Amino acid sequence: MQALLEEAPDTRVVALVEPRMADKASELARKIAAGAPVAVGGPPEGDGDRIEVLPGDITERRLGLDDDRYERLAAETTAVYHLAAVYDLAVPLDVATKVNVDGTGNVLTFCRDCERLDRLHYVSTAYVAGRRTGHVYEHELALGQSFKNHYESTKFQAEVWVREAMDKVPTTIYRPAIVVGDSGTGETPKFDGPYYMLRVISRATRWHMPIPRFGRAEAPFNVVPVDFIIDAMTTADDVPELVGSTLHLVDPEPVSAAKVFDILAKEYADRTTAYRLPPKLVAGSLRVPAVRRLFSGAPPQSIRYLNLPVYFDPRAARELLEPRGVRCPRLEEYVGPMVEFFREHEDDPSYSPG
């Protein structure tokens, strides 16, 4: 949101949020607006109101809005950013379908109703590739792949729907890899994904134990900082030729699963990993509630991402971004802020997933 406001001084942003999150979203919007007025639940009252927080629900028809609000948005909106999804790797199928698939369908319907829409910016995931191995290219999608969990399968279904609607809805699709905190500050809203590795390193350090690693040692583990995703999407805003394109927002030179552990262990504890745990043993152990609690609820499904020998080819994204000064930094370049932010907040339960 902040990047959009900074990009164009006359831009006004409407943030559609779940009703239960409206107060928190309004507080955040006020911080972003640096004290400027923020409209909540209705149209702005003055020219200074650049952010409108609007309670709604993408899983409902017409986004859970009354007719007046829906028709006003359809008349005014020129760009839609669809980021809402259930990212939990252990999500039940019915919940994932309702949010990731049905929610996307409702957003597409809204886009078709918009009178002035220039672009739908749809955030998918690189992991619509499922269990594929080897090279995965940006133009590819349905190649008979199976999936590791319902998150992947429903995001795949949603992207199929988005692609089918492209003749009526001008769209750019973004496929991020695993997203971590800001490369400069390390800030992140929760500790999941690679942060489970930091939990292991932290516990081993506190308990004066050797640091283990797990996963297929040579498998690429692709992580990207959130500010790279934001920079890429705001840069793509200004390139109308990208309508109909799909971009892999990934590290073009991902480090291996084994090296990720060593990089994190070196930064957090100035140590290296001492031994490797078999992935099946780790995944099995995480099915025991007591073990999962030790690592802030790390789902057994997360281990599979350390074992998959897959490379996401980002040539279209690089051709667009790098000449414009946007590149994905290497993990070694931002591991310091990432680990420091984790160290400062690792005992704060509000950063645990859930």
Side-chain angles (χ1 to χ4, degrees), residues 1-5 11-30 32-33 38-45 49-88 91-125 150-151 154-174 176 189 229-230 233 237 243:
M1 188 185 301
Q2 185 169 356
L4 293 175
L5 295 174
T11 293
R12 188 165 66 83
V13 175
V14 178
L16 186 75
V17 301
E18 295 179 72
R20 66 184 179 89
M21 299 297 294
D23 290 341
K24 185 175 182 180
S26 300
E27 180 182 351
L28 178 60
R30 290 187 181 96
I32 292 173
V38 174
V40 180
E45 297 178 358
D49 295 345
R50 297 186 61 198
I51 303 175
E52 176 184 351
V53 175
L54 191 59
D57 190 341
I58 63 167
T59 69
E60 297 181 11
R61 298 284 300 275
R62 297 172 74 83
L63 308 181
L65 304 174
D66 61 35
D67 288 345
D68 288 344
R69 288 190 176 96
Y70 186 89
E71 290 166 9
R72 173 174 64 84
L73 282 188
E76 297 176 352
T77 300
T78 58
V80 173
Y81 292 81
H82 181 35
L83 297 86
V86 174
Y87 296 97
D88 184 359
V91 64
L93 178 58
D94 59 337
V95 176
T97 299
K98 184 176 182 180
V99 177
N100 295 348
V101 184
D102 296 343
T104 296
N106 291 331
V107 170
L108 289 171
T109 298
F110 171 73
C111 289
R112 285 192 288 266
D113 290 339
C114 287
E115 301 169 12
R116 305 165 51 204
L117 187 71
D118 294 324
R119 186 105 58 99
L120 164 63
H121 298 270
Y122 174 69
V123 179
S124 181
T125 171
H150 299 314
Y151 164 68
T154 53
K155 289 296 287 184
F156 168 84
Q157 288 178 279
E159 188 175 322
V160 168
W161 202 341
V162 170
R163 287 188 172 215
E164 289 176 348
M166 276 186 176
D167 60 334
K168 296 180 180 178
V169 179
T171 303
T172 301
I173 296 172
Y174 307 90
I229 306 299
I230 294 169
M233 293 181 66
D237 270 351
V243 170

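We use all heavy atoms of the structure for the numbers below, so side chains are in, but hydrogens, waters and symmetry mates are not. In this text the structure is predicted, and so the values were computed from the model without any measurement.
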**OP:** Indicate yes or no for a side-chain donor-acceptor contact from Thr171 to the backbone of Val169 under 3.5 Å, with no hydrogens or angles considered.
**Re:** yes

Original post:
What's the shortest heavy-atom distance between Ala74 and Asp113, and which atoms?
Top reply: CB-O, 3.7 Å

Original post:
Within a strict 4.5 Å, meaning less than it, do heavy atoms of the Val13 and Arg50 side chains meet?
Top reply: no

Original post:
Closest heavy-atom contact between Pro55 and Pro19?
Top reply: CB-CA, 4.1 Å

Original post:
Between atom CG of Leu28 and atom CE of Met21, what is the distance when rounded to the nearest 0.5 Å?
Top reply: 9.5 Å

Original post:
What are the two closest heavy atoms between Ile58 and Leu63, and how far apart are they?
Top reply: CA-CD2, 4.1 Å

**OP:** Keeping the roles fixed (side chain from Asp57, backbone from Gly64), state whether a donor-acceptor pair exists under 3.5 Å.
**Re:** no

Original post:
Would you call Pro176 and Val123 a side-chain contact if the rule is heavy atoms closer than 4.5 Å?
Top reply: yes

Original post:
When rounded to the nearest 0.5 angstrom, what is the spacing between CG in Leu73 and CG in Asp68?
Top reply: 11.0 Å

Original post:
After noting the C-alpha distance and the side-chain angles of Thr78 and Leu117, does the key distance pass the side chain to side chain contact (heavy atoms under 4.5 Å, CB included) rule?
Top reply: CA-CA 4 Å; Thr78 58; Leu117 187 71; 6.0 Å; no

Original post:
Residues in ring pair (Phe, Tyr, Trp, His ring centres under 6.0 Å) with His82, at least two apart?
Top reply: Tyr122

Original post:
Can you tell if the side chain of Val101 reaches within under 4.5 Å of the side chain of Thr154, non-hydrogen atoms only?
Top reply: yes

**OP:** Taking all heavy atoms of His150 and all of Ala96, pick out the closest pair and write down the distance.
**Re:** O-CB, 4.0 Å

Original post:
Would you call Arg12 and Glu52 a salt bridge, taking side-chain N to carboxylate O under 4.0 Å as the test?
Top reply: yes

Original post:
To the nearest 0.5 Å, what is the distance between CG (Leu16) and CG (Leu65)?
Top reply: 5.5 Å

Subject >> Side chain Asn100, main chain Ala158, donor-acceptor under 3.5 Å >> reply: no

**OP:** For residues Tyr151 and Val91, report the shortest heavy-atom separation together with the two atoms involved.
**Re:** N-CG1, 4.0 Å

Subject >> Gap between atom CG of Asp66 and atom CD of Glu71 - 0.5 Å precision >> reply: 9.0 Å

Original post:
Does the distance from a Lys or Arg side-chain N to an Asp or Glu carboxylate O, for Glu76 and Arg72, drop under 4.0 Å?
Top reply: yes

Original post:
When rounded to the nearest 0.5 angstrom, what distance separates CD in Glu164 from CG in Leu108?
Top reply: 10.0 Å

Original post:
Partners of Thr172 by side-chain hydrogen bond (donor to acceptor under 3.5 Å, both in side chains), sequence neighbours excluded?
Top reply: Arg119

**OP:** Indicate the atoms forming the closest heavy-atom contact of Ala165 with Arg112, along with that distance.
**Re:** CB-NH1, 3.9 Å

**OP:** Go through the steps to decide whether Val107 and Val80 satisfy the test side chain to side chain contact (heavy atoms under 4.5 Å, CB included), and finish with yes or no.
**Re:** CA-CA 9 Å; Val107 170; Val80 173; 4.1 Å; yes

Original post:
Side chains of Val162 and Ile173: closer than 4.5 Å at any heavy-atom pair?
Top reply: yes

Original post:
Can you find a side-chain donor-acceptor pair between His121 and Asp237 that sits under 3.5 Å?
Top reply: yes

**OP:** Could you tell me the separation between the CD atom of Glu159 and the OG atom of Ser124, rounded to the nearest 0.5 Å?
**Re:** 3.5 Å

**OP:** Quickly, which of Thr125, Val160, Thr104 forms a side-chain contact (heavy atoms from CB on, under 4.5 Å) with Lys155? Name it, please.
**Re:** Thr125

